[in-house]
There are 2 protein chains.
Amino acid sequence: MVTMDDVARLAGVSKMTVSNVVNNRGGVSEPVRRRVREAIERSGYRVNVSARTLRSGRTGVIGLAVPEIDRPYFGRLASHVIERARRRGFHVAIEQTGAAAAGEIDAIAHARTLQFDGLILSAVGLDGRDRTPPEGDHPIVMLGEQDFGGRFDHIAMPNEEATAAATAHLLDRGCRAVAHVTGRLDWNLNMVNARHRGHLGALAARGVEADPALHVGLDALTMEAGRAAAHRLAAAGRPFDGVLAVTDTVALGVLRGLADVGLRVPDDVRVAGFDDIAEAAYLVPALTTVAPDHAWMAEKAVELVTERIADPGRPTARYVAPYALVIRESTR
Amino acid sequence: MVTMDDVARLAGVSKMTVSNVVNNRGGVSEPVRRRVREAIERSGYRVNVSARTLRSGRTGVIGLAVPEIDRPYFGRLASHVIERARRRGFHVAIEQTGAAAAGEIDAIAHARTLQFDGLILSAVGLDGRDRTPPEGDHPIVMLGEQDFGGRFDHIAMPNEEATAAATAHLLDRGCRAVAHVTGRLDWNLNMVNARHRGHLGALAARGVEADPALHVGLDALTMEAGRAAAHRLAAAGRPFDGVLAVTDTVALGVLRGLADVGLRVPDDVRVAGFDDIAEAAYLVPALTTVAPDHAWMAEKAVELVTERIADPGRPTARYVAPYALVIRESTR
DNA sequence: TTGTATGCGTTATCAT
DNA sequence: ATGATAACGCATACAA
């Protein structure tokens with residue numbers, strides 16, 4: 001392995017000068033700088049990141065912990081985070097938490113062990129109440145769903161407001177009986193509860209009574225569960241003419257399930273989702289959905305985490321992501 | 001920061017004994033071991049990975065370079081690789097290459113700079129001909145598409161064979177004019193070429209003449225391009241009753257595009273794809289597709305890279321992933 | 001079984 | 001502007 005010492009010898013300078021050149025620091029004359037650059041080139045020298053980290057205490061790595069990287073929503077988010085972090089000179093290491101509090105606690109521990117400079121945690125298991133994150137001084141930015149009562153920097157989703165907008169839109173389109181296909185409320189998952197509140201609020205605002213029979217609490221927020229929910233709704237016999245799905249992934253399953261039982265969208269039933277995954281625009285019918293600004297969220301998360309790395313004592317900040325309701329065929 | 005020295009002082013032993021306990025080495029009496037464990041617990045000590053790495057020369061990190069993490073196919077692959085690597089005690093750092101040779105060369109350089117113990121590279125830009133990977137002794141496993149003539153460990157896709165099977169299936173279903181919606185052949189992208197060969201081969205085997213007008217070379221393998229291709233095919237006036245799409249993502253766009261122009265699937269046109277992305281089974285109509293065994297590929301890739309890390313001199317290996325043709329509604 | 005000395009490659013500090 | 005020296009925290013080799 002080629003070290004700074006080798007380069008220094010080759011260039012006829014001290015290794016400190018090599019270090020200064022490598023890190024683009026001042027105090028090196030132009031001819032010497034050029035000589036060192038040449039020596040680096042010739043020798044094929046590369047900095048040893050471990051040694052640098054050991055000395056400086058910084059790894060230049062930000063952790064990104066998501067439930068599962070192969071869900072479209074998180075893949076998109078990760079892609080943006082990687083890109084934004086790169087612009088600021090940080091590398092991103094991805095952790096999968098498996099959508100469980102235990103996995104999220106692991107991710108936090110991991111972030112310390114592997115000396116990530118900071119961690120962006122898309123938490124769905126931990127919260128500010130019964131399952132709280134472990135104490136620690138590591139820079140953590142919470143992303144998305146849960147609420148932590150100001151203990152962390154937090155980029156929140158406009159869950160309640162945006163869901164209300166989606167439900168209001170369904171009512172505008174003439175729906176009278178809107179089913180809500182979502183997670184089970186007893187999960188105490190903030191995202192599920194907040195979106196449900198938004199749904200109920202929109203109904204109440206129009207004087208529509210919520211029918212408990214049209215509330216479907218899924219065991220998992222998957223395509224398969226969405227499909228089964230549609231089957232169940234159809235089998236129950238209670239008439240419905242709209243479905244609000246808690247995520248696009250669930251909505252995709254619902255669309256499929258409605259097709260299974262011969263219900264046409266939007267003619268018989270209108271459907272809306274949440275997330276605006278890339279596929280939403282290409283489904284048949286194309287899916288109406290809430291589109292949070294993913295790029296904005298990623299940018300803000302990286303900004304917050306880098307700021308906290310630079311100044312750990314900063315007061316925590318909280319932002320709510322902007323969103324748009326994208327109206328497509330499924331609610332025409 | 002708590003170091004081994006602190007723990008040693010707390011437990012009343014030397015730091016070497018602490019090191020032995022931390023690394024589960026023998027030669028430590030049970031009482032001492034317990035005392036050290038307690039001291040670690042109380043002090044909140046964590047090993048400093050950089051220091052360990054600096055000594056041992058191993059980071060315990062495998063790089064995974066993919067074109068874009070937010071494509072369903074690569075998200076799924078990454079998820080598997082992360083899981084398999086974890087089982088072997090490795091951490092995975094994800095790089096995005098942007099589907100370009102330059103990005104792939106960067107990823108290789110990055111892997112050296114960041115001292116990944118090995119790299120799994122899902123190459124689409126580099127190949128064994130005009131754009132070759134830079135020389136270097138770093139353990140690299142090539143995954144997927146390109147062909148490198150035995151210079152690297154390689155997990156290949158059954159591109160030609162599986163595509164031939166898909167085309168044969170379309171013919172079996174009664175298709176007489178099967179369009180191939182794929183990338184441009186002048187990309188010289190092995191994946192595109194191999195799949196096209198497979199398609200032509202299957203036609204030839206049945207004595208069907210290939211109609212050049214039914215070959216659509218896209219500028220990008222995206223949903224939007226697939227949609228546009230369907231529009232173009234319909235507008236061209238040349239009758240067709242089958243579409244073989246080079247990937248499921250393109251197929252998704254084709255399905256959408258056919259719907260746009262009022263063609264029904266499978267009644268008017270049958271459609272098949274390649275990859276078996278998670279959404280394929282839930283589309284309306286559900287998509288017939290080639291399903292390579294992703295878990296197997298991930299497992300094999302991690303196995304190969306860890307073996308090469310352990311024994312850099314090993315001869316290179318090449319495997320072809322198993323696959324299945326999953327028949328769904330789009331070709332019923 | 002336990003302890004001591006040394007070096008991994010880099011950067012901060014201080015000196016020249 | 002450049003160089004010498006001392007850490008950073010850990011693990012190897014060897015001594016006790």
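Letters A, B, ... are given to chains in the order of the sequence lines, protein chains preceding strands, and every chain is numbered from 1. These figures come from a predicted structure and were not determined experimentally.
- Using a 4.0 Å cut-off, some side-chain N or O of S29(B) falls inside it from OP1 or OP2 of dT2(C).
- In summary, the aromatic rings of F116(A) and H110(A) are positioned with their centroids too far apart to meet the 6.0 Å limit.
- Neither OP1 nor OP2 of dA4(D) sits under 4.0 Å from any side-chain N or O of S14(A).
- In the model, T53(A) has no side-chain atom that pairs as donor or acceptor with a side-chain atom of Q115(A) under 3.5 Å.
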Using a cut-off of under 3.5 Å, enumerate the N/O to N/O pairs linking the protein to nucleotides 10-12 of chain C.
residue: dT10(C); atom: OP1; partner: Y45(A); partner atom: OH; Å: 2.4
residue: dT10(C); atom: OP1; partner: N48(A); partner atom: N; Å: 3.0
residue: dT10(C); atom: OP2; partner: M4(A); partner atom: N; Å: 2.7
residue: dT10(C); atom: O4; partner: K15(A); partner atom: NZ; Å: 2.9
residue: dT11(C); atom: OP1; partner: N23(A); partner atom: ND2; Å: 3.3
residue: dT11(C); atom: OP1; partner: R52(A); partner atom: NE; Å: 2.9
residue: dT11(C); atom: OP1; partner: R52(A); partner atom: NH2; Å: 3.4
residue: dT11(C); atom: OP2; partner: S19(A); partner atom: OG; Å: 2.8
residue: dT11(C); atom: OP2; partner: N23(A); partner atom: ND2; Å: 3.4
residue: dT11(C); atom: O2; partner: R55(A); partner atom: NH1; Å: 3.4
residue: dA12(C); atom: O4'; partner: R55(A); partner atom: NH2; Å: 3.3

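- Between D153(A) and R308(A), at least one side-chain N (NZ, or NE/NH1/NH2) sits under 4.0 Å from a carboxylate O, which counts as a salt bridge.
- Between R314(B) and D311(B) there is no salt bridge, since none of the side-chain N atoms of the basic residue sits less than 4.0 Å from a carboxylate O of the acidic one.
- R87(A) has a carboxylate O that lies under 4.0 Å from a charged side-chain N of E83(A), or vice versa, which qualifies the two as a salt bridge.
- Checked against Y319(B) for a side-chain contact (heavy atoms from CB on, under 4.5 Å), the options K300(B), M297(B), H154(B) give a single hit: K300(B).
- If you measure from atom CD1 of I40(B) to atom C1' of dG9(D), you get 14 Å, rounded to the nearest angstrom.
- Place G27(B) and L54(B) on DNA chain C by their nearest nucleotides, and G27(B) ends up nearer the 5' end.
- Whole-Å rounding puts the R9(B) CZ to dT4(C) P distance at 13 Å.
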